[in-house]
Engineer: 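After the structure tokens below, expect a handful of questions from me.
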Amino acid sequence: MKRTVPLIITFLGGVVLIIAYFIPYTQAWGEKAAVFFDVLAAIAFVLGGGNLLKNHLKKVSDRVAGWGYSVICLVAFLVTLTVGLGKIGVNPNTQFSNYAWSGVYDQVGSPFWWLYEYGFKPLTATMFAILAFYVASAAFRAFRAKNFEAILLLGTAFIILLGRTYAGVVLTGFIPDDSAFSGLKLENFTVYIMQVFNTAGNRAIMIGIALGVASTSLKVLLGVDRSYLGSGGD
Amino acid sequence: MYEFLKNLDRRWVFLLMLLSVAVPILLNARFPEKPTGLARAVFNEIEKLNEGDPVLLAFDFDPASEGELGPMATAFVRHCAEKKLKMYFMSLWPVGPRMVEDALDRVVRPDFPDLKYGEDWVQLGYKSGYEAVIKVIVTDLKQLYTTDRFGASIDSIPLMADIQSVQDFSLVINISAGYAGTKEWVQYASTPYPDIILVAGCTGVQAPLLYPYIPEQLPGLLGAIKGAAEYEMLVLDKYGARDENGELDEPGKYFEGIRRMGPQLIAHVLMILLIITGNIIFFIERNREGSS
Amino acid sequence: MKHSRVSPLRLLFLLALVSSLASATHGQEADDGVVSSPPRPPSNLRAVDYPMDKGEKIDLTWDLSLDDPENVSTYLVYRSRTDKEIEKKIADDRKKFIDAVKTAATEGLFGEGWKDRMADLTQEQLTHVREVRSRAAERAETTFSSDPTSEDNVYKFLGTAMPGENEFVIDKLDGKKSYTFMVKAVGTDLSQSAGVVTEVGLTPVLQWFDGEWNTSGGRFWLSIIILVFCGAVVFWILRARSGKPIRVRKIAGLEAVDEAVGRATEMGRPILFVPGIQDMNDIQTIAAMTILSHISKTAAEYDAKIEVPTARSLVMTTARETVQASYLTAGKPDAYNQDLIYYVTDEQFGFVAYLSGMMVREKPAACFYMGAFYAESLILAETGNHVGAIQIAGTAMPAQLPFFVAACDYTLIGEEFFAASAYLSGSPEELGSLKGQDVGKIIVVFLMFIGITLFTLAALTSANPGLSSIFRNMGDFLKNVILT
């Protein structure tokens, strides 16, 4: 029973979405199914929030390694939740001035805006910026001319790295724009590599992925692959 | 030296990367840009429009990718404002509206104070549902957007009177950092409705995945800072520098993409040097192993 | 003879023609002073619903004008406007009229190019301008009139048909509205015939199946391709059930799973499994759950600790169910600890920050990254590499594959990732589905070959335009109709 009901729901959901694609009359059914998912995911937020609290409170109480971070996480979570949901410090919308909560939650100058502007924004930008360091480290460590294919890859990498900056323009600036060899100018050659070789490779991978997605979906819909509901075919 | 490089602590690499990015920023190194065909295509699609044409600007990115996409957002908004196009902003990312506000703060509010909210531009705000939102608004925008971002009824906004769906816009400009973004706009807007003309700006990682859609479903594409810098050059060539003194100011909000290409150049050169160094170590190591 | 597309050149010509027609009136005097004779109108205009569409199209046919082709240069096709559209048109016309009157009044005062001189005006002159414009607007408001039943307001121009053509497909109609249609013939001197109108209104009908097979946008061909592909998958699953052996090539990344779990057990360190950052509606997350099921079963057998942080609450719930069932299957239900599968945050970089910190602190011996990843892929893989973990990644995000390939020990690329569940379970049914997938690949290769051949032949036979266009049209049909 614990397996059968989810399998039936999966099958029905999948069939409805497929039918909705081909039969215009049922188009709205597909949208309804998507809305059902959104509702479920929204309810799951509560579950997630509760789990977050439980997990970090446990870490603090057990004094596990790094429990101080858990304290910071809990404080940040609760403060953001309170000022965001409560619209603290938000002025009412001018059109509905009688309603205290009619303003937008991230109004400029409000505590939530402040948290966003001076907390969230620089922190996420920092995490993204860390990529530059990791890319350099990975390139230094992993990019080796071990065989012919790797040498081709390295050559292409150099062309793209140079062609995507002014260095490419300078290095091959001696080739006239209107000559038969203008395609070899690094900035043009980069675009050619990206649009032809890279696109061809990507398309091959994407075709494989699309077939894999279709096949996996079919297995899940037909109940052939039930491992996501627990291991084995029982 | 060989032993030092072989067992190089990655923090040395990090330090080099920090310097290669920080020094050009501090020295304000700026290199000229030569616009490529894709940037020209984006520029021309906007240039083709007439004064008063409605343009949908979908900002699907967040603060994390602001460094890569912020400059092109500024350039897009400025170009539309210079062309006196009607701008409609929306987002499929929760923090997208804040990115819109940032662009408005940089461009519209200080430099185009005559443009009025509701008459020349409108903030439709964020809608959850990723591509499902696109699927609905391509045929009926007001089904999902019943109010603007600030809670005002959509029917009370003069700019919305002529807009029923995305098909009513003369152009859709999407700036995207991932899912949901340009790929979804191509799949659910410009492909099933060829009348919808879409141009986009995206992060460097995404760009190769969008090339297959050029030019039919996506006439123009700006890839990362490089694309933004090229587009900035085109906008600057046509409309000139627009600062308080009418001169290039430093650092200059309309030169941000060009400015950020400086660190990118040095960082790319560093990457090449690192790869070469790594390979020299690799070959020495292999030779030693071979001889032993 | 059906047509809904015209070539750009022809379109330019038609646009020029239509714009000149806008000013032409019925029976006007031609340049040479002779009153022109408009062609006789087309007749017997018929509108029928377009078959097998999603209720947006109507087919229009008519009998040609008796003057076709001698005195017909084109046919103009119109449809009736809805009441709301008429209201909007009148409002637009009113606005245009008022603007034109205001502009004319201002130009009368200051001449052309007055806008550029605005900045030089004194405050007093500006006030005067405003008054003049306001008075002009008031005057225009009172003089403007428009009859909502006039032909210009009721009928909307849709497109043109060339002489000899008597069909037109009307698209983008509202399935809830009723429409009438009108066709006029235009003479060689641009004079127009009277319009022939359909007598009864027609509403486009929504068919049960969106199965247009000969135009772009229909779903007939896609349904055929899906049926063939799904049929192949089902066929091979059934064949596998009957006991025929199926061989699958070795996938190094999956062969290494046992090694990775064993290593974690030996070192007494945890295994980290990250199921991507997307929700359960993403097929990659589902594929990740199927792999988690196998890995957690192996971990349970080895008595290794497996930790699953998630970026979505629903994924957490599903992962708990999956891992619990795996422990049960492995015969160690008591060893299952649900606290090791937990939600972190939906925020992409918040999730990465947590994982990086956790990896540095706990130093997992094996890291599995399976699912949909974005920019965080390299941060995770580099951190894992730094802590010395054996790393296996699998994703169908093409943009992230290079990062995983560079920084991980093994990477499941695209379809390998989806094949992992079948490979790990070894179940004949699942392996059969992989064989069915190969049939899909054969179809793709076959279509690519046909397309390339047709366009190559079109290019090679360019000396023979008739033959070349046959190949090109076939290629275009494959590309624009079957595959879109």
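Numbered from 1 within each chain, the chains take letters A, B, ... in sequence-line order.
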Engineer: Just by distance, with hydrogens left out, do C:Glu307 and C:Tyr342 show a side-chain donor and acceptor under 3.5 Å apart?
Structural biologist: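 Yes, C:Tyr342 and C:Glu307 have a side-chain donor paired with an acceptor closer than 3.5 Å.
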
Engineer: Closer than 3.5 angstrom, by distance alone: can the side chain of C:Arg219 be matched with the main-chain N or O of A:Tyr21 as a donor-acceptor pair?
Structural biologist: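 Checked: pair present.
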
Engineer: Side chain of C:Lys332, backbone of C:Tyr327: donor and acceptor closer than 3.5 Å?
Structural biologist: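 No; zero donor-acceptor contacts below 3.5 Å.
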
Engineer: With respect to chain C, which residue among A:Ala142, A:Gly201, A:Gly208 yields the maximal number of heavy-atom pairs within a distance under 4.5 Å?
Structural biologist: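 Of the candidates given, the most pairs with chain C belong to A:Gly208.
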
Engineer: Measure distances from C:Gln338 to the heavy atoms of chain A and classify the residue's part below 4.5 Å as side chain, backbone, both or neither.
Structural biologist: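 Just the side chain, heavy atoms under 4.5 Å.
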
Engineer: Counting N and O atoms only, with roles assigned by atom type, does the side chain of C:Thr317 sit under 3.5 Å from a partner on the main chain of C:Ser313, one being a donor and the other an acceptor?
Structural biologist: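 Such a contact is found between C:Thr317 side chain and C:Ser313 backbone.
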
Engineer: With only heavy atoms counted, which part of A:Ile23 is less than 4.5 Å from chain C, the side chain, the backbone, both or neither?
Structural biologist: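 Answer is both: backbone and side chain atoms of A:Ile23 are under 4.5 Å from chain C.
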
Engineer: Side chain from CB out, backbone as N, CA, C, O: work out which of these in C:Leu328 comes under 4.5 Å of a heavy atom of chain A, or both, or neither.
Structural biologist: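 Looking at C:Leu328, nothing touches chain A.
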
Engineer: Need one label for C:Leu206: side chain, backbone, both or neither, based on atoms under 4.5 Å from any heavy atom in chain A.
Structural biologist: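 Only the side chain of C:Leu206 comes within 4.5 Å of chain A.
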
Engineer: Which bit of A:Phe120 is near chain C, if near means a heavy-atom gap under 4.5 Å: side chain, backbone, both or neither?
Structural biologist: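 Side chain only.
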
Engineer: What's the spacing between A:Cys73 SG and A:Leu52 CG if we round to 0.5 Å?
Structural biologist: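 Result: 4.5 Å between the selected atoms.
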
Engineer: Below 4.5 Å from any heavy atom of chain A, which atoms of C:Ser223 appear? Answer side chain, backbone, both or neither.
Structural biologist: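 For C:Ser223, the contact with chain A is made by backbone and side chain together.
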
Engineer: Quick check: does any side chain N or O of A:Thr190 sit under 3.5 Å from a backbone N or O of A:Leu186, one acting as donor and the other as acceptor?
Structural biologist: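 Yes.
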
Engineer: Looking at A:Arg226 and C:Glu430, is there a salt bridge between them, counting it only when a charged N and a carboxylate O are closer than 4.0 Å?
Structural biologist: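 Salt bridge between C:Glu430 and A:Arg226, a charged N being under 4.0 Å from a carboxylate O: no.
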
Engineer: Chain A heavy atoms under 4.5 Å from C:Ile226: which part of the residue, side chain, backbone, both or neither?
Structural biologist: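 When you check distances to chain A, only side chain atoms of C:Ile226 fall under 4.5 Å.
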
Engineer: Identify which part of C:Tyr354 has an atom lying under 4.5 Å from any heavy atom of chain A, answering side chain, backbone, both or neither.
Structural biologist: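 The side chain, not the backbone.
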
Engineer: Does any heavy atom of chain C fall under 4.5 Å from the side chain of A:Leu211, the backbone, both, or neither of them?
Structural biologist: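 The answer is both parts of A:Leu211.
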
Engineer: Mark yes or no for whether C:Thr285, through its side chain, and C:Asp279, through its backbone, hold a donor-acceptor pair below 3.5 Å.
Structural biologist: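 Yes.
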
Engineer: Tell me which of these, C:Gly440, C:Ala407, C:Ser427, C:Ala422, has more heavy-atom pairs under 4.5 Å with chain A than the rest.
Structural biologist: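 Of C:Gly440, C:Ala407, C:Ser427, C:Ala422, C:Gly440 has the most heavy-atom pairs under 4.5 Å with chain A.
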
Engineer: Could C:Arg312 and C:Tyr343 be counted as a cation-pi pair, given that NZ or CZ must be under 6.0 Å from the ring centre and within 45° of the axis?
Structural biologist: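 Pair C:Arg312/C:Tyr343 does not count as cation-pi.
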
Engineer: What option among C:Cys230, C:Ser356, C:Gly175 has the most heavy-atom pairs under 4.5 Å with chain A?
Structural biologist: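 Most pairs with chain A among the choices: C:Cys230.
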
Engineer: Which answer fits A:Asp225, side chain, backbone, both or neither, if we ask what part of it has an atom under 4.5 Å from a heavy atom of chain C?
Structural biologist: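 Both backbone and side chain.
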
Engineer: Where does C:Glu347 contact chain A at under 4.5 Å (heavy atoms): side chain, backbone, both or neither?
Structural biologist: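 For C:Glu347, the side chain is the part near chain A, not the backbone.
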
Engineer: If I measure from the heavy atoms of chain A, does C:Val444 come under 4.5 Å with its side chain, its backbone, both, or neither?
Structural biologist: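 Only the side chain of C:Val444 comes within 4.5 Å of chain A.
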
Engineer: Spell out, as yes or no, whether a donor-acceptor pair under 3.5 Å connects the side chain of C:Thr310 to the backbone of C:Ile341.
Structural biologist: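 Judged by distance alone, no pair lies under 3.5 Å.
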
Engineer: Pick one of side chain, backbone, both or neither for A:Val46, based on which atoms fall under 4.5 Å of a heavy atom in chain C.
Structural biologist: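 No part of A:Val46 comes within 4.5 Å of chain C.
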
Engineer: For chain A, which residues of residues 372-381 of chain C have at least one non-hydrogen atom nearer than 4.5 Å to it?
Structural biologist: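 Hits under 4.5 Å: C:Ala375, C:Leu378, C:Ile379.
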
Engineer: Looking at A:Asp106 and A:Trp113, would you say the former's side chain and the latter's main chain have a donor-acceptor pair under 3.5 Å?
Structural biologist: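 Pair absent, no side-chain N/O of A:Asp106 close to backbone of A:Trp113.
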
Engineer: Let me know if A:Val213 has heavy atoms under 4.5 Å from chain C in its side chain, its backbone, both or neither.
Structural biologist: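 Contact with chain C is through both the backbone and side chain of A:Val213.
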
Engineer: Using heavy-atom distances under 4.5 Å, tell me whether A:Ala214 contacts chain C through its side chain, its backbone, both, or neither.
Structural biologist: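 When you check distances to chain C, atoms from both the backbone and side chain of A:Ala214 fall under 4.5 Å.
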
Engineer: Measuring only between side-chain heavy atoms, which start at C-beta, is C:Pro275 closer than 4.5 Å to C:Met289?
Structural biologist: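 Of all side-chain heavy-atom pairs linking C:Met289 with C:Pro275, at least one is under 4.5 Å.
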
Engineer: Is it possible for you to check whether A:Lys121 lies under 6.0 Å from the centre of the six-membered ring of A:Phe128, through NZ or CZ, and within 45° of that ring's axis?
Structural biologist: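 A:Lys121 over A:Phe128 ring: no.
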
Engineer: Looking at C:Glu416 and C:Ile251, would you say the former's side chain and the latter's main chain have a donor-acceptor pair under 3.5 Å?
Structural biologist: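 Not confirmed, C:Glu416 side chain does not pair with C:Ile251 backbone.
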
Engineer: Report yes or no: does A:Asp62 contribute a side-chain atom to a donor-acceptor pair with the main-chain N or O of A:Val64 at less than 3.5 Å?
Structural biologist: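 Looks like no, no N/O pair under 3.5 Å.
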
Engineer: Report the option among C:Asp339, C:Thr318, C:Asn385, C:Ile286 that has the most heavy-atom pairs separated by less than 4.5 Å from atoms of chain A.
Structural biologist: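 Top count of heavy-atom pairs under 4.5 Å with chain A: C:Asn385.
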
Engineer: Side chain, backbone, both or neither: which part of C:Val405 has a heavy atom under 4.5 Å from chain A?
Structural biologist: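 For C:Val405, there is no contact with chain A at all, as no heavy atom is under 4.5 Å.
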
Engineer: Of the backbone (N, CA, C, O) and the side chain (C-beta and beyond), which part of A:Ile43 lies under 4.5 Å from a heavy atom of chain C, both, or neither?
Structural biologist: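 For A:Ile43, no heavy atom lies under 4.5 Å from chain C.
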
Engineer: Under 4.5 Å heavy-atom distance to chain A, tell me which part of C:Ser433 shows up: side chain, backbone, both or neither.
Structural biologist: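 Both backbone and side chain of C:Ser433 come within 4.5 Å of chain A.
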
Engineer: Need one label for C:Asp346: side chain, backbone, both or neither, based on atoms under 4.5 Å from any heavy atom in chain A.
Structural biologist: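 The side chain, not the backbone.
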
Engineer: Look at the aromatic rings of A:Tyr118 and A:Trp114 and report parallel, tilted or perpendicular, splitting at 30° and 60°.
Structural biologist: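 Ring orientation, 0 to 90° scale: tilted.
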
Engineer: I need the minimum non-hydrogen distance between C:Ser296 and C:Ser326, along with the two atoms involved.
Structural biologist: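 Taking C:Ser296 first and C:Ser326 second, the nearest heavy atoms are OG-OG, 3.0 Å.
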
